[in-house]
Asker: 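After the structure tokens below, expect a handful of questions from me.
Note that these values count all heavy atoms, side chains included, but never hydrogens, waters or copies made by symmetry. Residue numbers run from 1 in the order of the sequence given.
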Amino acid sequence: MSITTSTLTRAAAGAAALSGLIYIIIQFIHPADVVASLSTQMWITVHVLSFGMAVLAMIGLTGIYLRQVQKFGLLGLIAYLMFGFFFILQASFNFTEALIAPLVATAAPSSPWTSSDCSAATRP
């Protein structure tokens with residue numbers, strides 16, 4: 001099997017489509033955005049899926065850009081860099097939400113920063 005331009009374009013399209021499918025699935029299974037959800041397995045699962053979605057979207061976006069690079073020009077490069085930065089930033093936030101936030105929530109459950117009452121953080 002040889003790697004050709006059309007094979008890479010198809011793979012990038014598949015990655016973009018899978019990313020979109022994961023995005024749709026996440027909407028139905030995402031737990032409530034409350035502190036109590038941070039220590040659940042569903043929270044971790046959803047954010048690991050979100051991380052994978054961001055990585056797949058970046059692969060798909062790169063393939064689409066490289067396929068059309070001659071036609072996109074400078075404006076297309078700027079758009080690709082901005083959109084790519086969004087997915088890199090999203091992946092880093094999802095990594096933190098999936099693997100670091102649950103550890104903080106279970107290690108410091110009485111901290112005012114993990115309280116669901118926002119006014120607790122401002123109390124003396």
Asker: Quick check: closest heavy atoms across Thr106 and Leu103, and the distance to 0.1 Å?
Answerer: OG1-O, 3.2 Å
Asker: Considering residues, nucleotides and ligands other than Gln27, do more than 12 of their heavy atoms fall under 6.0 Å from its CD?
Answerer: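 Atom CD in Gln27 is crowded, with more than 12 foreign heavy atoms closer than 6.0 Å.
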Asker: Please name the pair of heavy atoms, one in Ala12 and one in Gly63, separated by the smallest distance, quoted to 0.1 Å.
Answerer: CB-CA, 3.4 Å
Asker: Of all heavy-atom pairs between Met42 and Pro31, which one has the smallest distance, and what is that distance?
Answerer: CG-CD, 4.0 Å
Asker: Does one hydrophobic cluster hold both Ile25 and Tyr23, with members joined at side-chain heavy-atom distances below 4.5 Å?
Answerer: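 Yes; tracing contacts between hydrophobic side chains, which count when under 4.5 Å, links both residues.
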Asker: Is it true that Leu21 and Leu56 fall in one hydrophobic cluster, defined by side-chain heavy atoms closer than 4.5 Å?
Answerer: yes
Asker: Do side-chain atoms of Ser50 reach the backbone of Val46 as a donor and acceptor pair under 3.5 angstrom?
Answerer: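 Checking the backbone N and O of Val46 against the side chain of Ser50, a donor-acceptor pair under 3.5 Å is found.
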Asker: Are Leu49 and Phe87 linked, directly or through intermediate hydrophobic residues, by side-chain heavy-atom contacts shorter than 4.5 Å (ILVMFWY only)?
Answerer: no
Asker: Which pair of non-hydrogen atoms, one from Ala98 and one from His47, has the smallest distance, and what is that distance?
Answerer: CB-CB, 3.6 Å
Asker: Rounded at 0.5 Å granularity, tell me how far CD in Glu97 sits from CD1 in Ile44.
Answerer: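 Here the rounded value is 12.0 Å.
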Asker: Checking Leu8 against Leu66 for the side-chain contact (heavy atoms from CB on, under 4.5 Å) test, could you report, in this order, the C-alpha distance in whole Å, the side-chain angles of both residues, the deciding distance, and whether it holds?
Answerer: CA-CA 10 Å; Leu8 289 175; Leu66 291 177; over 6 Å; no
Asker: So which heavy atom on Asp33 is nearest to which on His30, and how close?
Answerer: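 Nearest pair, atom of Asp33 first, then His30: OD1-CE1, 3.1 Å.
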Asker: Hydrophobic clustering (ILVMFWY, side-chain heavy atoms < 4.5 Å, transitive) - are Ile100 and Val55 grouped together?
Answerer: yes
Asker: By the definition side chain to side chain contact (heavy atoms under 4.5 Å, CB included), identify the one residue from Leu89, Asn94, Thr96 that meets it with Ser92.
Answerer: Leu89
Asker: Is it true that, when you exclude Tyr65 itself, more than 12 heavy atoms of the residues, nucleotides or ligands shown sit nearer than 6.0 Å to its OH?
Answerer: yes
Asker: Ser39 side chain to Pro102 main-chain N or O, any donor-acceptor pair under 3.5 Å?
Answerer: no
Asker: How long is the gap from OG1 on Thr62 to CZ on Arg67, to the nearest 0.5 Å?
Answerer: 15.5 Å
Asker: Check the hydrophobic clustering (I, L, V, M, F, W, Y; side-chain heavy atoms under 4.5 Å; chains of links allowed) and say if Val69 and Ile59 are grouped together.
Answerer: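 Per the 4.5 Å side-chain linkage, Val69 and Ile59 are not co-clustered.
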Asker: Where is the tightest heavy-atom contact between Ser37 and Trp43, given as atom of each residue plus distance?
Answerer: O-CB, 3.1 Å
Asker: Within a 6.0 Å radius of atom OH on Tyr80, are there more than 12 heavy atoms belonging to other residues, nucleotides or ligands?
Answerer: yes
Asker: Does any N or O in the side chain of Thr45 come within less than 3.5 Å of the main-chain N or O of Gln41, such that one atom is a donor and the other an acceptor?
Answerer: yes
Asker: Does the side chain of Leu77 reach to within under 4.5 Å of the side chain of Phe72, using non-hydrogen atoms?
Answerer: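 A side-chain contact is absent here, since even the closest heavy-atom pair is not under 4.5 Å.
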